[in-house]
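To start, the structure itself, in structure tokens.
Ligands are counted one by one from 1 in listed order, and the atoms in each one are counted from 1 as well.
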Amino acid sequence: MAKILVTGGTGYIGSHTVVELQNAGFEVVIIDNLSNSNIGVLDGIEKISGIRPTFVEGDVTDLDTLRNLFEQHPGIKGIINFAASKAVNESVEKPLKYYRNNLVSLLNLLDLMPQYGVEGIVFSSSCTVYGEPDVNPIDESAPIKTATSPYGNTKQIAEEIITDTIKAGAPFKSILLRYFNPVGAHPSAEIGELPLGVPQNLIPYLTQTAAGVREVLTVFGNDYNTPDGSCIRDFIDVVDLAKAHVIAMKRMLDSKDSDSVEVFNLGTGNGLSVLQLIESFERATGVKVNYKIGPRREGDIEKIWAEPAKANNILGWKANVDIDDTMRNAWRWQKKISGLS
Ligand code: UD1
């Protein structure tokens, strides 16, 4: 089967996607600069899928590195572009880092794709492009709102860059995948999320608190206009999410349209509050989470969840891992990396 380049393939969503691509028979080449992951992830991928993917350590923002990769690994048919910086707060402090990492890398890929006969690119976008929705669940036709962080802006601009490039006649296709909130880990506990430093996202903070690495989880606000006052999100299991990439890649490579851009929401269609998620974790694992209610976090969206009908109907993909199972997998992974039994 076809050879696929996965940028950021040792990262959280990237590593789970590499496993699913290999399980589906694709040959994978990873490029990653290991800025937010480590080489040991390849062992986890190999243990699960039985195959060690080809790995190139390098930075996608460096055009020569990328050109070398295409020369040395001829025949790449598709790209999945995960390589990007993703911390919302940091992006406010270091906008240029975000614009450079997230956009120069994309420009380099789009520049080289025609030269090396790459037929399509799947792009990691985010529900952050919708801002605070006027209605929930939110579908793909909803307006794009002004981004509230440079991180969010890079996702919007990247979607536009890809769309404009294809509209101008570039000989490849693209599928833009708007992720809601990816959580969990592979059920084998061989791969999962590996945040560097203090986690900014809810689940790694929660599991680290349960493991005793952090003292207390702060719930950012319980005075929102939601049933229990905490924010609502659409938490999507990372393995479900990874599988959507395989389907998207097959669809893109099979499609006869040489100039298509499609966009899909990837979520469950169910909104869950932060407090409900904590309850789910406690119910699924039997472990109590030490948490307290704190002030709102600046820039947070009150509630957002996906209308995933387009992905369900057109991709034939549906999220099906139960949230309690997702929480059990997240906990199994946290125990493993914390050395707990
Ligand atoms: C953010 C980004 C999203 C990005 C994702 C991954 C926005 C609006 N969203 O999602 O695009 O893909 O990060 O980096 O830019 N929470 C707590 N305590 C904590 C941590 C989080 O209560 O210690 C709450 C937050 O207030 C929020 C929910 O948990 O209501 C989810 O937060 P988080 O995991 O950080 O994801 P988002 O902010 O939804």
Side-chain angles (χ1 to χ4, degrees), residues 8 11-14 36-37 82 84-92 95 98 101-102 123-133 136 138 144-159 176-184 193-210 213-236 238 241 265-268 271-281 289-306 323 326-327 330:
Y12 174 43
I13 307 173
N36 194 21
S37 61
F82 293 107
S85 301
K86 62 165 190 175
V88 177
N89 287 349
E90 188 194 34
S91 80
V92 176
Y98 278 68
N101 280 351
N102 297 6
F123 180 73
S124 290
S125 189
S126 166
C127 68
T128 194
V129 301
Y130 298 123
E132 181 80 55
N136 276 300
I138 190 155
I144 301 299
K145 299 242 175 103
T146 306
T148 53
S149 71
Y151 160 77
N153 209 20
T154 66
K155 294 298 176 190
Q156 295 190 4
I157 297 170
E159 288 197 1
L176 314 174
L177 298 177
R178 292 180 181 156
Y179 312 152
F180 282 66
N181 284 60
V183 289
E193 194 167 3
L194 270 174
L196 281 184
V198 181
Q200 304 295 316
N201 297 116
L202 178 60
I203 283 300
Y205 207 104
L206 185 160
T207 57
Q208 287 194 7
T209 306
V213 180
R214 311 274 156 212
E215 205 173 303
V216 55
L217 168 71
T218 304
V219 173
F220 297 139
N222 68 346
D223 56 354
Y224 284 98
N225 182 24
T226 59
D228 65 22
S230 64
C231 292
I232 296 180
R233 294 289 183 274
D234 185 334
F235 297 99
I236 164 90
V238 67
L241 189 69
N265 279 346
L266 296 181
T268 66
L272 213 63
S273 74
V274 172
L275 289 170
Q276 283 176 315
L277 193 73
I278 297 173
E279 264 171 44
S280 162
F281 179 87
V289 180
N290 184 26
Y291 73 88
K292 63 172 191 202
I293 307 292
R296 291 181 178 197
R297 180 172 72 177
E298 206 189 312
D300 263 339
I301 282 164
E302 182 170 271
K303 44 181 178 280
I304 183 165
W305 64 95
I323 188 68
T326 300
M327 290 300 102

Indicate whether the side chain of T209 and that of N290 have a donor and an acceptor atom separated by less than 3.5 Å.
no
Should the heavy atoms of other residues, nucleotides or ligands under 6.0 Å from CZ of F220 be counted, would the total exceed 12?
yes
Is the backbone N or O of A87 less than 3.5 Å from a side-chain atom of Y98, with the two atoms forming a donor-acceptor pair by type?
yes
Can a donor-acceptor pair be found between the side chains of Y130 and N265 at a distance below 3.5 Å?
yes
Closest heavy-atom pair, A330 versus I203, reported as atoms and distance to 0.1 Å, is CB-CG2, 4.2 Å
Residue pairs, two or more places apart or on separate chains, that pass salt bridge (charged side-chain N to carboxylate O under 4.0 Å, His left out) and touch residues 216-233
D223-R296, R233-D300
With a 4.0 angstrom cut-off on heavy atoms, strictly below it, pick out the residues next to ligand 1 and order them by chain and number.
K86, V88, S126, T128, Y151, N181, Q200, N201, L202, L217, T218, V219, F220, C231, R233, V274, R297, D300, I301
